[in-house]
There are 2 protein chains.
Amino acid sequence: MKDMTNNTDRAIAEFVDQMGLILQAEGLPRIAGHIMGLMVIHEGPFSLSQLAERLSVSRASISTNTRLLEDLEVIVRTAKPGDRQDYFKLSPQPYDRLLRGVVRRMRRARDVVEGTQDALPEDMTDSQERLQELDAFYAALIESFMEVIDSWASDRHRSSKEAKYANRPSA
Amino acid sequence: MKDMTNNTDRAIAEFVDQMGLILQAEGLPRIAGHIMGLMVIHEGPFSLSQLAERLSVSRASISTNTRLLEDLEVIVRTAKPGDRQDYFKLSPQPYDRLLRGVVRRMRRARDVVEGTQDALPEDMTDSQERLQELDAFYAALIESFMEVIDSWASDRHRSSKEAKYANRPSA
DNA sequence: TTGAACGTTCAGTATTGACTGAACAAACTG
DNA sequence: CAGTTTGTTCAGTCAATACTGAACGTTCAA
């Protein structure tokens with residue numbers, strides 16, 4: 001039992017660590033990823049001090065990173081009656097919130113491309129064609145993300161078993 | 001005419017600059033984005049020295065960044081008979097190459113999640129449910145990207161006009 | 001009123017990434 | 001053979017990022 005508990009603890013620590021690296025690769029601070037990882041495993045809610053203690057980082061860092069995740073609407077800050085501490089937990093729909101952030105970035109990129117198409121003379125036909133290709137790329141990405149957000153919102157309670165075997169990558 | 005040329009030059013410089021920032025936000029070095037931006041506007045191919053000169057950066061930086069973009073299969077290195085210089089231009093399908101790279105990263109993230117699902121006891125049902133939700137999120141993203149890659153490959157020569165008015169973001 | 005708890009802010013520090021100039025090796029030209 | 005050109009490598013530098021400890025302001029409890 002103790003061995004199993006140790007394996008579980010190790011798996012949790014490893015997952016939290018990996019989430020830090022995964023989200024750092026996507027542009028978030030590593031500790032923000034650790035916070036998310038912890039909140040996927042344990043429901044919480046967690047106070048700022050609890051997060052600092054469990055992740056072995058400073059309260060300053062937790063303050064900064066919870067603010068960042070709150071701004072991204074990935075976590076929410078709540079309170080308990082008669083308790084002065086703030087508490088944090090995952091938002092109800094954290095992942096489409098993340099995706100919406102990605103869509104905003106893609107839209108801004110597409111705006112740059114379309115602005116350039118408008119700014120360059122039409123007789124730069126080769127350039128206009130390559131810009132059009134890049135524009136279509138961003139358009140396809142954005143549409144695709146919006147479809148995921150829509151379907152995600154309407155289908156996020158599929159059963160464990162069903163989802164496990166569905167959507168397997170073909171590679 | 002000179003004014004128009006200056007406007008065109010400024011629009012090109014601005015676009016190259018913005019592509020640097022856009023791709024830096026996605027985790028690439030800024031100069032890699034500048035190289036791509038330049039290659040969207042001008043067909044090339046470009047030698048290493050030409051890139052260094054036009055982007056006002058060192059040959060060392062161009063060497064490093066062209067190697068990176070080559071590894072991502074976004075650009076290709078070619079040669080000309082009787083010419084010692086290497087030449088670089090955009091790959092035939094640069095954007096689904098980029099997307100394939102993103103899909104690989106998402107698959108690695110999903111593997112981490114599924115490995116954690118397997119490593120944790122099944123009776124941690126709340127944790128398993130939240131892990132399942134994260135897994136489904138990555139699965140949906142991966143499927144979505146693969147669909148874009150597939151449709152991109154089969155539909156990338158749509159006309160300018162058609163694509164311009166199609167796929168407009170609803171926001 | 002004093003001390004404690006809590007979350008935030010800020011100056012300082014360390015690390016990392018990205019760039020450069022210089023040096024180098026290889027291939028060519030005169 | 002000497003000089004030039006080309007692309008790469010590497011040590012060094014700088015800027016940005018992310019973290020910390022300390023200080024602070026606010027709110028409470030004793």
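Atoms considered below: every heavy atom in the structure, side chains included; atoms not considered: hydrogens, waters and symmetry mates. Below, read A as the first sequence line, B as the second, and so on, with proteins coming before strands; counting in each chain starts at 1. Treat the numbers as computed from the prediction; the structure is a model and nothing was measured.
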query: Which part of the nucleic acid does B:S49 contact within heavy-atom distance under 4.0 Å: base, sugar-phosphate only, or nothing?
result: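 Touches sugar-phosphate only.
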Residue-level proximity of [range] to DNA chain C when a heavy atom falls under 4.0 Å:
{"range": "residues 57-70 of chain A", "value": "A:R59, A:A60, A:S63, A:R67"}
{"range": "residues 16-44 of chain A", "value": "none"}
{"range": "residues 78-86 of chain A", "value": "A:R84, A:Q85, A:D86"}

- prompt: Got A:D96 and B:F137 here, is their nearest side-chain heavy-atom distance under 4.5 Å?
  reply: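 No, their side chains stay 4.5 Å or more apart.
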message: Do B:F145 and A:L141 have side chains that approach each other closer than 4.5 Å (heavy atoms only, starting at C-beta)?
response: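 Counting from C-beta outward, B:F145 and A:L141 do come under 4.5 Å.
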message: I need the A:E114 CD to A:L134 CG distance, nearest 0.5 Å.
response: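 It comes to 10.0 Å.
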query: To the nearest angstrom, how far is A:L51 atom CG from D:dT20 atom C1'?
result: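 Whole-Å distance recorded here is 17 Å.
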field: Interatomic distance, B:Q50 CD vs D:dT5 P [rounded to whole Å]
entry: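 Result: 15 Å.
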task: With sequence neighbours excluded, tell me which residues meet salt bridge (Lys or Arg N to Asp or Glu O under 4.0 Å) with A:E14.
output: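 So A:E14 forms no salt bridge (Lys or Arg N to Asp or Glu O under 4.0 Å) with any residue.
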Atom pairs and distances, donor-acceptor, side-chain atoms in residues 54-61 of chain B, under 3.5 Å, two or more places apart:
from  : atom 1 : to    : atom 2 : distance (Å)
B:S58 : OG     : B:S61 : N      : 3.1
B:S61 : OG     : B:N65 : ND2    : 3.3

- prompt: Who are the side-chain hydrogen bond (donor to acceptor under 3.5 Å, both in side chains) partners of B:R130, not counting sequence neighbours?
  reply: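 By the side-chain hydrogen bond (donor to acceptor under 3.5 Å, both in side chains) rule, B:R130 matches no residue at all.
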- request: Identify which one of A:D118, A:D126, A:T116 satisfies the side chain to side chain contact (heavy atoms under 4.5 Å, CB included) criterion when paired with A:L131.
  value: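 Going through the options one by one, the only one that passes is A:T116.
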message: Any carboxylate oxygen within less than 4.0 angstrom of a Lys/Arg side-chain nitrogen, looking at B:E26 and A:R105?
response: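 Counted as a salt bridge, because a side-chain N and a carboxylate O are separated by less than 4.0 Å.
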Cation-pi check, B:K80 onto B:Y87 ring (under 6.0 Å, within 45° of axis):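 Geometry flag: set, cation within 6.0 Å and 45°.
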- prompt: Just by distance, do the side chain of B:Q128 and the backbone of B:L120 share a donor-acceptor pair under 3.5 Å?
  reply: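 Yes, the answer is positive, given that a donor and an acceptor are paired below the 3.5 Å cut-off.
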